[in-house]
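Presented below is the structure to which this report refers.
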Number of protein chains: 2
Amino acid sequence: MRVRKSAEARKTEIINATLRLADKLGPDRLTTEAIADAVGLTQPGIFRHFPKKQDLWEAVAARVGSMMETRWEKARTDDALATDRIRALISAQLRLIQSTPAIPAILFSRELHSKNKGLRSAFFGLMSRFHRLIADLVTQACAAGELRNDFDPDDAAFIIIGLVQGLAVRWSISGRNFDLTEEGSRLLELQLKGFALGRGSGNGERNVS
Amino acid sequence: MRVRKSAEARKTEIINATLRLADKLGPDRLTTEAIADAVGLTQPGIFRHFPKKQDLWEAVAARVGSMMETRWEKARTDDALATDRIRALISAQLRLIQSTPAIPAILFSRELHSKNKGLRSAFFGLMSRFHRLIADLVTQACAAGELRNDFDPDDAAFIIIGLVQGLAVRWSISGRNFDLTEEGSRLLELQLKGFALGRGSGNGERNVS
DNA sequence: TCCTAGTTAGTGTTCAATCACTAATTAAGA
DNA sequence: TCTTAATTAGTGATTGAACACTAACTAGGA
């Protein structure tokens, strides 16, 4: 029984299945056949919608990109302390990773690192934008006296992103045996305390969970 | 004209070529044929020395492991401040990565993540040992009053490792357009300053490069 | 001479990709 | 409004390339 759907609808189905399976099988073991099975098509059917497999990956990158941008936007509109907006941003990012674990998997895949140049630059662009967001918030926090200002906000942002990435790697390698968001919040507190003005600046006991 | 070498010598040749090519082609695009070409053998010649390709990867892991342990050992014997030993350790690790860029590549390969369980546990063990080394040094630094002691040394170690990993990812994705060791030293200083006792603890101007 | 590093020739499998074709859907015109 | 032409989603069969791995043979050197 053939189920015919609009190209639009199929494309989203295929992208969703790819994200799900990229997590389950790993981005590099993922075959067009597996995707086809998941959406109920034959293997060549995939190629009607994405002429090359690379095209599929690029569509996935675009999807992931818009997921990120959406959440970043939401985290940004919070009008609180700049440091709280950093917390919100990192927390949003960690929740996204936790709910879409294919993201770090793709970030470390051969598909990205050695095969697909488009995919690589898409993710590089995302990372750069994320970096800018954080660096700007750090700058604001410094200006508002929430953080010291004897360091380069870009460096601070790199460190914070490293925190997220290190966490994602450990989470992934460990078989995901801890809560990403929770662990991340704890480490971020430690990190922000390090960037904060003087010792005992009053929020040492801050509890975020 | 055939050049015959001892199995021992060939094995090291093959492992070296694998490390070189794993960087150049990516660990997952690396074929036995490419390796054979590099060492001047025919493709099946490889299988005389490593009956399965997995065996080759495990030998590579062992080699990388011993490279790391050697450098860690060297960094440890430095009898200075505990924080200086952290600096030495991280710097040694970054120099190793810079001179053997296949290491992060392997760490993110499908070979490790989904195919080769032995490889995965070898690297997992290495990461754990690295973490323990740093956590212990942090503990010592806290005890010696070089760092605050209002945080968990394990957390601090995770953050420091995250710094290294984030750096490695960025280095790799960016096409290696910056000096890993230099950038790492700068970020580590910022990080250690955050862990240090009180503000202006005197080493803010420390220069490590 | 005999052990073993290395070769030549070949197999089985896994995939992306292609091609000729069919069935469902849409739209035009009498 | 109903027939029919055009479009587009999907299929079945297959192909060709890439690769790990094998078996049987060959030659180098203590």
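Only heavy atoms go into these numbers, but all of them, side chains included; no hydrogens, no water, no symmetry mates. Throughout, a chain's letter reflects where its sequence line sits, starting with A, and its residues are numbered from 1.
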*Respond yes when some side-chain nitrogen or oxygen of H49(A) is under 4.0 Å from OP1 or OP2 of dT8(D), and no when none is.*
no
*Could you give the CG-to-C1' distance, from D28(B) to dA18(D), as a whole number of Å?*
14 Å
*Taking atom types as modelled, is there a side-chain donor on R85(A) or Q140(A) under 3.5 Å from an acceptor on the other?*
yes
*Can you tell me the distance, in whole Å, between the CD1 atom of I46(B) and the C1' atom of dT7(C)?*
13 Å
*Atom CG of D55(A) to atom P of dA17(C): distance rounded to whole Å?*
9 Å
*asked:* At under 4.0 Å between heavy atoms, how does the protein contact nucleotides 10-15 of chain C? Give one character per nucleotide, 5' to 3', with B, S or -.
replied: -----S
*dG29(D) OP1/OP2 closer than 4.0 Å to side-chain N/O of K5(B)*: no
*Less than 4.5 Å apart, any side-chain heavy atom of I97(B) and any of V164(B)?*
yes
_Return whichever of G40(B) or K52(A) has its heavy-atom-nearest nucleotide of DNA chain C closer to the 5' end._
G40(B)
*Kindly determine whether R63(B) and N16(B) satisfy side-chain contact (heavy atoms from CB on, under 4.5 Å), including the steps that lead there.*
CA-CA 9 Å; R63(B) 164 71 135 272; N16(B) 288 343; 2.3 Å; yes
*Quick one: side-chain contact (heavy atoms from CB on, under 4.5 Å) partners of F124(A), sequence neighbours excluded?*
S128(A), I173(B), S174(B)
*Do any pairs count as a ring pair (Phe, Tyr, Trp, His ring centres under 6.0 Å) and have a residue in residues 149-170 of chain B, sequence neighbours left out, and if so which ones?*
H131(B)-F158(B), F151(B)-F195(B)
*Counting side-chain heavy atoms from C-beta on, which of dA5(C), dT7(C), dT22(D) comes nearest to A7(B)?*
dA5(C)
*Taking only residues two or more places apart in sequence or in another chain, which ones pass side-chain contact (heavy atoms from CB on, under 4.5 Å) with A38(B)?*
A17(B), L21(B)
*Of all of residues 8-22 of chain A, which get a heavy atom below 4.0 angstrom from DNA chain C, listed by number?*
none
*asked:* Once side chain to side chain donor-acceptor pair (under 3.5 Å) is applied, what residue pairs with a partner in residues 41-52 of chain B remain, sequence neighbours excluded?
replied: T32(B)-Q43(B)
*Taking atom P of dA20(C) as reference, at what distance in whole Å does atom CZ of R48(A) sit?*
13 Å
*Do any N or O atoms from the side chain of R148(A) and from the backbone of G194(A) form a donor-acceptor pair under 3.5 angstrom?*
yes
*Would you say the side chain of R4(B) and the base of dT4(C) hold a donor-acceptor pair, judged only by whether the two atoms sit under 3.5 Å apart?*
yes
_What is the distance, to the nearest angstrom, from the CZ atom on F47(A) to the P atom on dG12(D)?_
16 Å
*Could you check how far CZ of F50(B) sits from C1' of dG6(C), rounded to whole Å?*
15 Å
*Answer yes or no: is there a donor N or O on one side and an acceptor on the other, between the side chain of R176(A) and the main chain of W171(A), under 3.5 Å?*
no
_Length of the CG-C1' vector between L41(B) and dA27(D), whole Å_ = 15 Å
